[in-house]
Structure formats: structure tokens, C-alpha cells
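Note sheet for the following structure.
Order of listing sets the numbers, starting from 1, for every ligand and every atom in it.
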Amino acid sequence: MLRGRDIISVNDLSRHDFEEIFRMADEILEAPDRWSSILRSKIMATAFFEPSTRTRLSFQTAMLRLGGEVIDLGEVEKSSIAKGENLSDTIRMLDSYADVIVIRHRLEGAAKLAAEIAEKPVINAGDGSRNHPTQAMIDLYTIRRLHGRIDGLTIGVLGDLKYGRATNSFIAALTRFRIGKLYLISPPQLRVRDDTRELLVEAGIEFREVERLEEVVEDLDVLYASRIQKERFPDPSEYEMVRGSYVITGESLRGAKKNLVILHPLPRVDEISFEVDSTPYAKYFEQAALGVPVRMALLKLILVG
Ligand code: NCD
């Protein structure tokens, strides 16, 4: 049951929750018009304190497609935050205007704090370098649609496993399923953090850490790529050391399975070269498009059950 719930971290979600969302998204994709007024007279507030394109716009599109309305905090520089208003006061106000609040913030824990203050459900649209639960829903839904299942697949996660909230949430979400093998592919400086590693050990997921895609590419059913999270590096020289350290090219995909699915939460910078876009493996734009039905499913389940 998702009705009335806050969505803060993948760790709060069961396999059953994921499956409920997936089934709802399937229904929405089958007959989108059927749902076009289900959230009439409901209001969603979006409060994005960090840059976003897909997440903000797909949440807003999702709400509009369900017949709901959207209010947006707008650019932080133009809101009262620029006058020094604190997060709690902003949230308290949004709570009194809207039926659901979607928040993105630079600081880890911001969404949890918002959920403690607000009575209305709060959805974390990404905070700090740990949690981005709705991205993980979209990622898994895309895999399920394209491969017909999640269980049993061999999955590689490539890139910034240290600071990436999308990569870490994706890995955490995989622990809800019985995947086959997991490869964590990254330069040594960006290896997965201990908390995520512990989740994998606890879940009994077999994983191997490698430095180069070429070592494992032939084995993969899914390759999840990610951007180096430049803005999260405490020291810019640390970023310079890893910048450009992995790039997926046609060449690096030699020997890949025919039905390999390449995903990326986007935005990409230089980690997938453009030549890959025209291969049958490239599914990241399809993944971004599925952000709308998955977020529609989530909003519907949270607001009306
Ligand atoms: C991700 C994010 O913001 O964490 N983007 C997204 O939501 N689609 C990944 C990123 O910024 O690299």
C-alpha cells in the first residue's frame, strides 16, 4: 500500500511496492486516457533546490496527465529562500498549499526532514549523493519492460559509484530482486561506498568490482552508465584525476550480447559516445520517456491508492 506514504529512500520500499508501481505503470501505458482526470483538484508542489531537467519536468507532466495541477517553487534565487527563508518554513508553507510535495536538494537528509515537517506525502526527487528512489523505479521498470524480467539478469553498473545517488539507489533497488550477477565497474577512486556494499552482502547478491568495462561486457544483460558527479567532489583536483576515465564507445561494446540494454539516468557528459546512440543497445532515451508513466503510477497510488 503506497497511499499517503512518503517516498524518501529505496530502503523503505519492498519488492511488493515496486511491483505495485510497475503494474500501475503498465495499466497507464495500456490506456493512458483512462487516467486523465483521476487526480482532478489535486495539487503537486515541486521544490527543486538543485538543477534538474527530466525529473522536474516528468513529475510535472505526470501530474498534468492525471488531471492534477502543479505549483512550482521556481528558481531558488527568485523565491524567498534568497531572502534567507529556511527549508522548514518553505516546506510548511508548501504543505498547506499542496496535496503532495516533490523535493530535490543538495543536502542528504533534506527530503527526510521535509517529510518530518509536512503532513502531506513527500517524494524525494534526489537528495545529496545517496537517495533518488523514483529514478530507481524508472530504471527497474525499463529493464522489466525490455527484458521481461529483472530476476536472473547479469547487470553492470559503470561510473561514479561513490557519489552517484542514481547509481546507489539503483544498486539498492536491485537487492529487492533476485538478479544473477552484479558487476560494479569504476575507477578505483569512484568505487562503491561501504553502506551500499553492505546492502549487497546482506541481500546475498554476488558482486564483483572491476575497473574496465571490457573485462565483463560480454556477460552483461544490462549496462547502467552514469556521469561523474563533479559537483559532489570536495576537492576539484580529485575530480580532475578521474575526469574522462571511462567512455562507452562502439569499440568497448565489442562482444556484447545482442539484447544488451544500456541505461543512463542522464544527463550524460562524455561517458557514452554519440556513436552508441544509434546502436540497438541504447535505451536511455526510452528510459527517460518511461519517467512519465512511472511517476504517474506513483502519484496515483500515493494520492488515491
Ligand atoms: C541524476 C541525478 O540528478 O541524480 N539525474 C536524474 O535525476 N535523471 C543523475 C545525474 O545527475 O548524474
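Between P267 and ligand 1, no N or O atom pair is found at a separation short of 3.5 Å. Checked against a 3.5 angstrom limit, the closest N/O atoms of L266 and ligand 1 fall inside it. Considering backbone and side-chain N/O atoms, R165 comes within less than 3.5 Å of an N/O atom of ligand 1.
The existence of a salt bridge linking R227 and D160 is excluded, since no basic side-chain nitrogen approaches an acidic carboxylate oxygen closer than 4.0 Å.
Only the side chain of Q135 comes within contact range of ligand 1, with a heavy atom under 4.0 Å; no backbone atom does.
The closest approach between any non-hydrogen atom of Q229 and ligand 1 is below 4.0 Å.
The protein heavy atom nearest to atom 11 (O) of ligand 1 is R227 NH2, 2.9 Å.
Between the R197 side chain and the V192 main chain, a donor and an acceptor come within less than 3.5 Å of each other.
Counting atoms of ligand 1 from 1 in the listed order, those under 4.0 Å from a heavy atom of H132 are 2 (C), 4 (O), 6 (C), 7 (O).
Ring centroid separation for the pair Y163 and F233 comes in under the 6.0 Å cut-off.
Applying side chain to side chain contact (heavy atoms under 4.5 Å, CB included) to S186 and the options L161, V157, L158, V210 leaves one that passes, L161.
Under the 4.5 Å side-chain criterion, counting only non-hydrogen atoms from C-beta, L182 is in contact with I171.
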- Message: Please evaluate residues E215 and R212 with respect to the criterion salt bridge (Lys or Arg N to Asp or Glu O under 4.0 Å), reporting the C-alpha separation (whole Å), side-chain torsions for both, the decisive distance (0.1 Å), and the verdict.
- Response: CA-CA 6 Å; E215 295 175 49; R212 293 174 51 77; 5.3 Å; no

